[in-house]
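Only one structure is covered here, and it is reproduced in the block below.
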Number of protein chains: 2
Amino acid sequence: MVTRERKSPNISEFMRYLATNEEVENGLPSLKQLSLDLGVSVASLREQLEVARALGLVEVKPRLGTRRKDYSFAPAIRQSLGYALALNNEHFRKYSELRNHVESAFWYEAVELLTEQDKNELQNLITRAFEKLQGARIQVPHEEHRQLHLTIFSRLENPFVTGILEAYWDAYENVGLNVFTGGYEYLQEVWQYHRAMVDAICEGKNEDGYNALIAHADLLYHRP
Amino acid sequence: MVTRERKSPNISEFMRYLATNEEVENGLPSLKQLSLDLGVSVASLREQLEVARALGLVEVKPRLGTRRKDYSFAPAIRQSLGYALALNNEHFRKYSELRNHVESAFWYEAVELLTEQDKNELQNLITRAFEKLQGARIQVPHEEHRQLHLTIFSRLENPFVTGILEAYWDAYENVGLNVFTGGYEYLQEVWQYHRAMVDAICEGKNEDGYNALIAHADLLYHRP
DNA sequence: ATACTCCGATTTATCTGATTAATCATAATT
DNA sequence: AATTATGATTAATCAGATAAATCGGAGTAT
């Protein structure tokens with residue numbers, strides 16, 4: 001029998017407090033007060049607080065104290081992935097594989113949920129990107145690239161999917177791909193695919209869009 | 001122009017130290033020493049240390065001090081997901097959607113990589129599960145269920161994929177699904193699919209296996 | 001030799017309290 | 001009206017003291 005080692009570092013008292021006390025909206029008590037409430041010293045409390053902050057669960061400033069933020073999955077990934085990249089840049093490739101598979105797996109559901117407004121926004125992003133590409137002083141349309149992908153999957157309203165996709169772009173910038181690109185022809189080609197994707201979406205040809213997504217992901221994965 | 005708010009809470013000094021100093025193998029300096037090295041107080045250092053521990057990057061014990069652990073993605077997810085579940089149990093459903101899509105998206109690649117030994121292990125798991133199900137005193141083959149899924153995708157050697165799948169099972173237990181099941185017939189049906197999956201894998205009929213995976217995921221997703 | 005118990009050294013864990021720095025609301029000033 | 005001081009509040013950082021945990025090894029019995 002395989003007795004898997006039980007490693008469940010459950011969430012801290014502070015995080016549980018944060019999750020379960022409704023009255024924490026518009027501000028938590030000061031650290032001094034909280035340390036009394038929870039029965040731990042300020043120093044210990046701060047250790048727990050730091051974890052919550054690293055996970056993006058709270059925002060804390062002098063004078064204003066601690067506020068709970070809306071839940072987001074991305075910061076947790078950022079921290080762990082940021083460390084993994086510092087350990088070894090090859091981890092970016094592995095994470096890209098995950099991200100690419102997530103995008104392709106959710107493609108049909110995601111585009112089915114897009115509104116007309118979303119589709120307009122996608123068209124605008126394409127337009128802006130080509131303006132940057134074809135301008136006298138060519139620029140890398142990085143922000144448009146990011147927004148394009150995130151917008152496509154935004155209507156899933158799945159914080160975990162969103163988090164994975166968001167964290168990808170931070171890692172992308174982290175390893176410097178937003179500036180050092182594979183050359184101009186490469187950029188052109190990538191954005192041809194983007195245009196094809198968006199056109200397909202707007203015409204309801206979801207399978208064509210899917211194929212463009214796959215092809216363009218290959219392109220980026222095997223970037224020079 | 002969309003000026004996305006720049007929120008990059010980069011990894012801590014301590015985590016960077018942890019990632020980049022090779023000599024930390026077989027033990028970091030004591031906290032007192034490290035606080036001198038890094039030029040911060042022990043209290044501040046402990047705040048950073050606590051984050052690293054929450055992310056599962058280090059193991060720290062009195063007398064032995066701090067040791068770096070092999071990288072794993074799962075703890076970061078566990079923390080954030082554990083909090084999300086404490087906020088709202090419905091988050092489990094959303095996370096399940098992610099996990100199910102990840103499994104289906106990686107299916108073909110994953111099973112292609114399985115060794116004969118892996119396939120034997122899968123068969124063993126099926127055997128053990130049915131023993132539990134058909135025993136005089138029926139048991140829920142939870143551990144076998146977990147191992148089955150993790151084994152199938154283990155050869156991808158992708159720590160991020162693995163992490164997502166591992167964290168799923170912790171959440172699964174977290175919300176109590178490992179004990180409160182949908183009834184005996186339901187369990188039987190699930191494991192019929194598992195058997196079909198493994199048989200298909202062993203016979204190289206990967207598409208049949210894929211279909212079984214999808215069908216059985218639906219079953220669990222729409223569990224009573 | 002083997003297993004067990006006890007002891008001491010090391011390190012983390014926790015707490016207290018003091019000082020510094022950041023932040024914002026408000027009042028004062030231009 | 002806009003800008004600039006001011007003060008109150010809170011987090012940030014630090015130092016140091018005490019407690020608790022853990023392990024290696026010495027000692028002891030079998």
Side-chain angles (χ1 to χ4, degrees), chain A residues 5-19 21 23-70 72 75 78-79 82-83, chain B residues 5-19 21 23-70 72 75 78-79 82-83:
Chain A
E5 93 182 63
R6 265 273 152 264
K7 46 169 174 178
S8 39
N10 256 341
I11 66 177
S12 67
E13 272 310 305
F14 174 73
M15 274 171 61
R16 191 157 297 282
Y17 168 91
L18 193 64
N21 287 61
E23 69 272 20
V24 301
E25 291 301 337
N26 50 62
L28 280 75
S30 72
L31 292 184
K32 186 189 291 267
Q33 183 58 46
L34 248 184
S35 87
L36 295 177
D37 295 353
L38 300 183
V40 294
S41 69
V42 175
S44 294
L45 182 59
R46 285 188 61 86
E47 294 177 6
Q48 301 181 29
L49 174 67
E50 201 59 22
V51 175
R53 169 154 40 189
L55 298 180
L57 309 180
V58 294
E59 192 175 21
V60 39
K61 283 193 269 195
R63 170 78 194 193
L64 290 191
T66 309
R67 288 188 326 143
R68 187 170 76 177
K69 299 174 69 173
D70 288 339
S72 168
R78 270 192 218 109
Q79 288 286 334
Y83 173 78
Chain B
E5 90 181 68
R6 266 273 152 262
K7 45 168 173 178
S8 40
N10 256 342
I11 66 176
S12 67
E13 272 311 304
F14 173 73
M15 273 170 61
R16 191 157 297 281
Y17 168 89
L18 194 65
N21 287 61
E23 69 272 19
V24 301
E25 290 302 335
N26 51 61
L28 280 75
S30 71
L31 293 184
K32 187 188 292 264
Q33 184 57 47
L34 248 184
S35 87
L36 294 176
D37 295 354
L38 300 183
V40 294
S41 69
V42 175
S44 294
L45 182 58
R46 285 189 61 86
E47 294 176 8
Q48 301 181 28
L49 174 67
E50 201 58 22
V51 175
R53 169 151 45 187
L55 298 181
L57 309 181
V58 295
E59 190 174 24
V60 38
K61 282 193 270 194
R63 171 79 197 193
L64 290 192
T66 308
R67 288 188 326 144
R68 186 169 80 176
K69 299 174 68 173
D70 287 339
S72 168
R78 269 192 217 111
Q79 289 286 333
Y83 174 79

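Each chain gets a letter, A, B and so on, in the order its sequence line appears, and its residues count up from 1.
Checked against D:dA12, C:dT14, D:dC14, the side chain of A:Arg46 finds its nearest nucleotide in D:dA12. Across D:dA21, D:dT10, C:dT16, the shortest atom-to-atom separation from the side chain of B:Pro62 is found for D:dA21. Taking the side chain of B:Glu47 as heavy atoms from C-beta on, and the options D:dT13, D:dC14, C:dC15, the nearest nucleotide is D:dT13.
The side-chain heavy atoms of B:Val24 and B:Tyr17, taken from C-beta on, include a pair separated by under 4.5 Å. Residues B:Leu28 and B:Val60 are not in side-chain contact: their nearest non-hydrogen atoms beyond the backbone lie 4.5 Å or more apart. B:Glu13 is not listed as a side-chain neighbour of B:Val40, based on a closest heavy-atom distance of 4.5 Å or more.
The phosphate of C:dC15 has OP1 or OP2 within less than 4.0 Å of a side-chain N or O from A:Ser44. The phosphate of C:dC24 (OP1 or OP2) has a side-chain N or O of A:Lys61 nearer than 4.0 angstrom.
Residues A:Arg63 and A:Arg53 both approach DNA chain D. Their nearest nucleotides, taken by heavy-atom distance, put A:Arg63 toward the 5′ side. In terms of position on DNA chain C, the residue among A:Val42 and B:Pro29 whose nearest nucleotide sits closer to the 5' end is B:Pro29.
Rounding to whole angstrom units, CG of residue B:Leu64 and P of C:dT12 are separated by 10 Å. B:Glu50 has its CD atom 7 Å from the P atom of C:dA13, to the nearest Å. Spacing between atom NZ of A:Lys32 and atom P of C:dT19 amounts to 13 Å, rounded to whole angstrom units. B:Leu34 places its CG atom 13 Å from the C1' atom of C:dT12, with the value rounded to the nearest Å. Per the geometry, CD belonging to B:Gln48 stands 13 Å off P belonging to D:dA12, to the nearest Å. In this structure, the CG atom of B:Leu45 is 12 Å from the P atom of D:dA15, given to the nearest Å. What separates CG of B:Leu31 from C1' of D:dA21 is a distance of 14 Å, to the nearest Å.
A salt bridge links B:Glu47 with A:Arg46; the closest basic N to acidic carboxylate O contact falls under 4.0 Å.
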